[in-house]
Amino acid sequence: MPPRLQLSPVFRVHTLPSQISCRRSYASSSATSPEIYDVVCVGGGPAGLSLLTALRSSKLTSNLRIALIEAQDLQKNRLRDPSPDAYSNRCSSLTPGSVRNLQEIGAWSYIHASRVQPYQEMQVWDGITDSRISFDWTSASPLPFTPRKLSQPTTIATMVENTNLTTALLARLSSLGGVDIFSPTKVSSIELGSQTPDVDLSSWPILTLSDGKSLAARLLVGADGANSPVRTFADIQSRGFDYNRHGVVASLKLSGPGWGGPDHKTAYQRFLPTGPIAMLPLPGNMATLVWSTTPERAAKLKSLSANDFIAMVNAGFRLSAVDLEYLHTLPSGQEEEVAWREHHTPIKEKDIPMKVVHVQENTVASFPLRMRHADTYTGERIALVGDAAHTIHPLAGQGLNQGQADAAALTRTISAAVATGQDIGSLLALEPYNDEQYAANNAMLGICDKLHRLYSVESGPLVGLRSLGLSAVDSMGWVKGLLMGRAAGG
Amino acid sequence: MAGRNPSKLVLKLQTFTARPQCQCASVLRVASHRATSTTSPILVRHSSTTAYHPPQQTSSVDPTEVSHFNALASSWWDPHGPSRLLHLMNPLRHTFISRCLDTPALPNDPPLPSRLRYLDVGCGGGIFAESAARLATTDSVIAIDPSAEVLKIAQGHQRRDPALMAPGRLTYKNIPIEKLPVGPSEAEKYDIVALWEVLEHVNSPGPFLEHLMPHVKPGGWLVLSTIARTWTSWAVTNVMAEDVLGIVPKGTHDWKKYVNENELRDWFDRKEGWGQNGAMKVMGVMYVPGLGWKEVPGGEGWGNYFFGVRKDA
């Protein structure tokens, strides 16, 4: 790597009294020379941390001077004294591709292994017609009429708490060292630099931090979430819409570890007209809920007592859409109402998740669902990763995985640029990153959006067609193999 | 996505060997060497038909060619400008140099230093010079070009990267190669002397190359890229790109001046002290729309290619 240049400090004139105050005020404002960095990453979420860890763990990019700026206290958000009966309500389903990448950058060994849960089966069904598709690697074959190979994976995806992941990434990052971490520190402003006789920083973003420091970025990475200030600075539009749906999450305890025991776990998702309800397995009897529903119903669910809430979640997997609609109109007493209705509804218990028996305190929460896609992921000295680039419907659990794939792709692009002496912030050097990720993410955003729309329909020919589709795919092992391969991230 | 536009696709397809703009602002022409034979342009050149040569001219620099590249100066660093294909080709130059440096030396040869000295002849706006100067394995880069105006662009762009402003890292010089003093000691010569997209614009490639060769350190490499003189390249660069589509200014390329890979090879084979022990490398490349520049085995026979030869230690 080329040597870093420390800009000369502002020259102060002491001999002419009339000029002192002027010079001093100049020097005390933004005139202090910015620190020059190769990569400044704003945002210490999974995507940003994964990017920096990858850059630090590769010899080729280990000479880059890197800064991380995170508004929240990264130390505070670490997983501490984890109890096996308490889980964060923000969990993600990591594809085998994401896990492989985390292994490659050396972060996976820092994960609290007892708190992750791989699952081997996925049950998805239509809440209106009960038409069902089940995914597992045994019934999915790679090609028509070929038996499954023993070397094929058995894991569909791995559930992990987001804090477990970020804690592991941070641990790996600090073992690698070499990143200047500013946390908790806010970005006060971003503006383009200026020209001096020595150097022309007019294309470099200069970040002023809340602690007064000033950083110049050869490459400014926006890993700063859906409302990305970096994206705003770069004048990159993000287009999309709100689904008028909220995702209700909660950490739950079930009556058992699942129908397949602790070694064969299943994820369940039922498409209701208001959105899908999903129960994803965690270790032991624990599970995490993601229920996409209208904002009004989300508010109702959050207002219920623990027992009524539990009853509603159990009903969400068992009762009809009509029953559910009625149950949401009751101010309280869902527990008794659901118990009575369950007796009159035919239920195959082994096709659905085991009953919820407990909801962990303070874990029922909701967030609005959006679909957003930035017009581009790159600009001159700018790259966007993760939610700053795209926000997706959570129904396929792809959001965090897309961010991990972004980080891996951007790492490849930066490495190639370093190897051939390109300026890693130049638009031309960043082009491969945009080419690699944009179309792939756009397709996934589109698929999840279409699925959401398809299953929002309650009646009419579409309902019959979608059931036919699910049943057809379910009986064709090789189509499932194809779909699962895509979902597995490689 | 520009690549989605069908008309642009066609343009790219037609220009895959044309390089719409030459990086060689330093189109150095040795005016004194003129002959009418075209048998092998490496030895003697067909007279240039369009360029203006004052009879008394003694410098190798053709003022017509220099002004041609001056006009392109301002767009040199525009990633979507006329130099885009050159920008995209630049990483391959480093790939090729790495391949040359990996060629095993003779058992008694001293190893190359861990940090290399580069001379970039005809550096233009500095696309290669900047990239070479950023490499961790680089000691210094001297980049020369006869056009002062193009060098102004290069130096202006250099100031945009503090890493390139470290003293001695990257130095531009407005000087033709024959006036560049040869380092008095071997250590002051260069490990890599690069000549990118220049040779096809030179009237007398042989004498021109002889100006470069003394600057190469024993054990160092002379690397170049150019284009083969074939019917394909004639049709694409002269007829299609210049006459039909007009995407390359007329007169940019004189097909008769293109040099074939086997001509270069034969020429260096006859040179004492060059390319021993298989230290002559070639790599054919081609621009594929949507994929970029790709290595094409055997492509040196009919299109763009890289050529490298080591000075015996």
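Chain naming here is simple, since letters A, B, ... match the order of the sequence lines and numbering starts at 1 in each. Only this structure's heavy atoms are used, side chains among them; waters, hydrogens and symmetry mates stay out.
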Contact summary for R159(B) and V199(A), nearest pair of heavy atoms: O-CG2, 3.2 Å

Residues, nucleotides or ligands: over 12 heavy atoms within 6.0 Å of D102(B) CG: yes

Interatomic distance, W77(B) atom CH2 to L427(A) atom CG [nearest 0.5 angstrom]: 13.0 Å

Side chain, backbone, both or neither of P197(A) within contact of chain B (heavy atoms, under 4.5 Å): backbone

Atom group of H157(B) that falls short of 4.5 Å from chain A, counting heavy atoms: neither

Working for side-chain contact (heavy atoms from CB on, under 4.5 Å), residues R218(A) and D161(B): CA-CA 8 Å; R218(A) 180 185 293 281; D161(B) 187 348; 2.7 Å; yes

Contacting moiety of A416(A), where chain B heavy atoms sit under 4.5 Å: neither

Structural part of E380(A) lying under 4.5 Å from a heavy atom of chain B: neither

Sidechain N-carboxylate O distance under 4.0 Å for D423(A), R160(B): no

Gap between atom CG of L92(B) and atom OG1 of T420(A) - 0.5 Å precision: 9.5 Å

Side chains of D198(A) and P162(B) in contact at under 4.5 Å (non-hydrogen atoms): no

